[in-house]
Amino acid sequence: MAFTKRRMVQALATGLVALAALSSTAVMAQTYPSKPIKLIVPFPAGGTTDIVARIVAQRMSETMGQPVVVDNKGGAGGAIGADLVAKAAPDGYTLLMHNISFPLSYVAQSLANRSPFNAETDFAGVSIAVYVPFVLTANPAVPAKDLRELANLLRTNKSLQYNYGSTGPGTAVHVLGEAFKRDAKVEMEHVPFKGAAPLKQELLSGRLQIGGDQLSSSLAEIRNGSLRAIATTASKRIASLPDVPTVRELGFASLELEGWNGVFAPAKTPKDIIERLHKEIASAVRNPEVMKRLADLGADPVGSTPAEQDAMLRRQMDQFRSVIRDMKLD
């Protein structure tokens with residue numbers, strides 16, 4: 001009898017603790033946000049992810065009643081900033097705005113046993129904010145009008161020493177560049193940078209021959225002729241650059257990759273807070289003024305559900321895992 005009573009007391013105590021935790025979570029969700037929210041961008045200022053983050057954060061600040069502050073934490077292909085969020089308190093006050101490089105760089109780093117986090121378990125998807133087409137670019141001095149011509153140029157001129165830049169090991173341009181080298185059977189040297197802005201400067205200077213990023217990072221330069229778009233990795237041609245062929249059209253279907261910018265929270269963030277953030281992001285990107293600013297970047301508003309964001313991350317990791325493993329990326 002004493003044993004039974006003791007078990008009953010223990011069960012009651014456990015239930016009370018669980019109830020208190022649920023109540024605390026409910027109260028936190030109801031009062032959220034009660035202080036500024038930090039939106040970490042894991043790249044330097046000036047790139048697409050940074051610009052999109054600032055546009056969305058400004059609108060969210062207006063509608064949520066608290067500042068949403070963009071904090072740039074570049075380095076290691078986005079891993080430094082992502083790790084800060086992975087290890088942050090799961091209370092909705094530290095978020096991550098990442099892009100297409102997230103699944104690719106994570107796979108590369110995890111295969112090399114040097115990722116400081118697990119992208120599949122340490123984050124909760126909030127929303128794909130926008131789709132932004134990914135464009136491969138070249139300095140105009142490169143005598144190739146598109147990716148197919150670049151392949152032919154490098155195959156027939158073995159003495160050419162071309163460099164291509166990326167925003168870090170395992171990021172989108174690095175993976176695409178190595179896939180291009182493999183499929184075209186050509187050689188180029190990879191040069192990593194800490195973000196899209198310094199990469200673009202080297203590309204504009206001519207010290208770097210080939211690069212690429214989401215469209216908004218280079219749209220102005222493509223239009224004024226200081227950079228040349230040699231392919232888009234999207235599944236169809238971009239409305240703002242209708243003359244630029246897709247990688248599939250040019251014979252490089254394995255390079256097809258949809259670009260996006262999305263928000264993640266630390267794992268175990270309460271579902272009520274995730275849902276609040278999702279609704280705020282979806283509302284922000286559909287605001288007419290925000291939509292106009294995004295359109296100027298070549299970005300399409302999305303505002304996906306958290307489940308769709310998680311599915312996108314896993315789908316693109318699966319798409320390139322075997323490719324990255326075979327390449328043995330640095």
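Everything quoted here is computed from the prediction, not taken from an experiment. Only heavy atoms go into these numbers, but all of them, side chains included; no hydrogens, no water, no symmetry mates.
Applying the ring pair (Phe, Tyr, Trp, His ring centres under 6.0 Å) test to F252 and every residue at least two apart in sequence or in another chain returns F180. Listed by chain and number, the residues in a side-chain hydrogen bond (donor to acceptor under 3.5 Å, both in side chains) with Q58 are R293 (sequence neighbours excluded). When the side-chain hydrogen bond (donor to acceptor under 3.5 Å, both in side chains) test is applied to Q201, no partner is found at least two apart in sequence or on another chain.
Note that OG1 of T269 is 10.5 Å distant from CZ of F123, once rounded to the nearest 0.5 Å. Between atom NZ of residue K200 and atom CG of residue D213 there is a gap of 9.0 Å, rounded to the nearest 0.5 Å. Rounding to the nearest 0.5 Å gives a distance of 7.0 Å between CZ of R321 and CZ of R325.
Nearest heavy-atom pair, I100 versus G259, reported as atom, atom and distance to 0.1 Å: CB-CA, 4.3 Å. Here the closest heavy-atom approach between residue T94 and residue P266 is recorded as O-CD, 3.3 Å. Nearest heavy atom pair, residue P140 against residue G225, reads CG-O, 3.3 Å. Across every non-hydrogen atom of Q316 and L104, the tightest pair is O-CD2, 4.2 Å.
Hydrophobic cluster membership differs between V56 and M291, with clusters built from Ile, Leu, Val, Met, Phe, Trp and Tyr side chains linked at under 4.5 angstrom.
A donor-acceptor pair under 3.5 Å is absent between the side-chain atoms of Q109 and the main chain of R114, judged by distance alone. In this structure a side-chain-to-backbone donor-acceptor pair under 3.5 Å is missing from S105 to G170. Of the possible donor and acceptor atoms, one in the side chain of N287 sits under 3.5 Å from a partner among the backbone N and O of V290. Counting only distance, with no hydrogens or angles, the side chain of S218 and the backbone of E221 share no donor-acceptor pair below 3.5 Å. R237 places a side-chain N or O within donor-acceptor distance of the main-chain N or O of P242, the cut-off being under 3.5 Å. Without hydrogens or angle criteria, S283 side chain to K279 main chain gives no donor-acceptor distance under 3.5 Å. The backbone N or O of S127 sits nowhere less than 3.5 Å from a side-chain atom of S304 that would complete a donor-acceptor pair.
Under the side-chain hydrogen bond (donor to acceptor under 3.5 Å, both in side chains) criterion, the residue pairs touching residues 222-233 are N224-S226, with sequence neighbours excluded. Legend: side-chain hydrogen bond (donor to acceptor under 3.5 Å, both in side chains) pairs involving residues 131-152, not counting sequence neighbours, sorted by first then second residue: N152-R155.
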Please determine whether side chain to side chain donor-acceptor pair (under 3.5 Å) holds for the pair T48 and N99, giving the CA-CA distance in whole Å, both sets of side-chain angles, and the decisive distance to 0.1 Å.
CA-CA 9 Å; T48 298; N99 62 25; over 6 Å; no

Worked check of salt bridge (charged side-chain N to carboxylate O under 4.0 Å, His left out) between R276 and D272:
CA-CA 6 Å; R276 170 74 189 281; D272 287 350; over 6 Å; no

E289/K292 under salt bridge (charged side-chain N to carboxylate O under 4.0 Å, His left out): CA gap, chis, key distance, verdict:
CA-CA 5 Å; E289 183 180 341; K292 182 180 184 303; over 6 Å; no

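Counting only N and O atoms by type, the side chains of E249 and T246 include a donor and acceptor under 3.5 Å apart. Q214 and N261 are linked by a side-chain donor-acceptor pair at a separation below 3.5 angstrom, with hydrogens and angles left out of the test. Between Q66 and Y32, the side chains place no donor N or O within less than 3.5 Å of an acceptor N or O (distance only, hydrogens not considered). Donor-acceptor pairing under 3.5 Å is lacking for the side chains of E256 and S235.
Taking the six-membered ring for Trp and thresholds of 30 and 60 degrees, F43 and H98 have ring planes more than 60 degrees apart, a perpendicular arrangement. The aromatic rings of Y106 and F117 lie parallel to each other, their planes meeting at an angle below 30°, with 60° marking the opposite boundary. Below 30°, between 30° and 60°, or above 60°: for H190 and H174 the angle between ring planes is below 30°, a parallel geometry.
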Could you pull out all donor-acceptor pairs under 3.5 Å where a side-chain atom in residues 74-90 meets a protein atom, sequence neighbours excluded?
from: D83; atom 1: OD1; to: K87; atom 2: NZ; distance (Å): 2.4
from: D83; atom 1: OD2; to: K87; atom 2: NZ; distance (Å): 3.4
from: K87; atom 1: NZ; to: P116; atom 2: O; distance (Å): 3.0

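A salt bridge does not link R314 with D318: every distance from a Lys NZ or Arg NE/NH1/NH2 to an Asp or Glu carboxylate oxygen is 4.0 Å or more.
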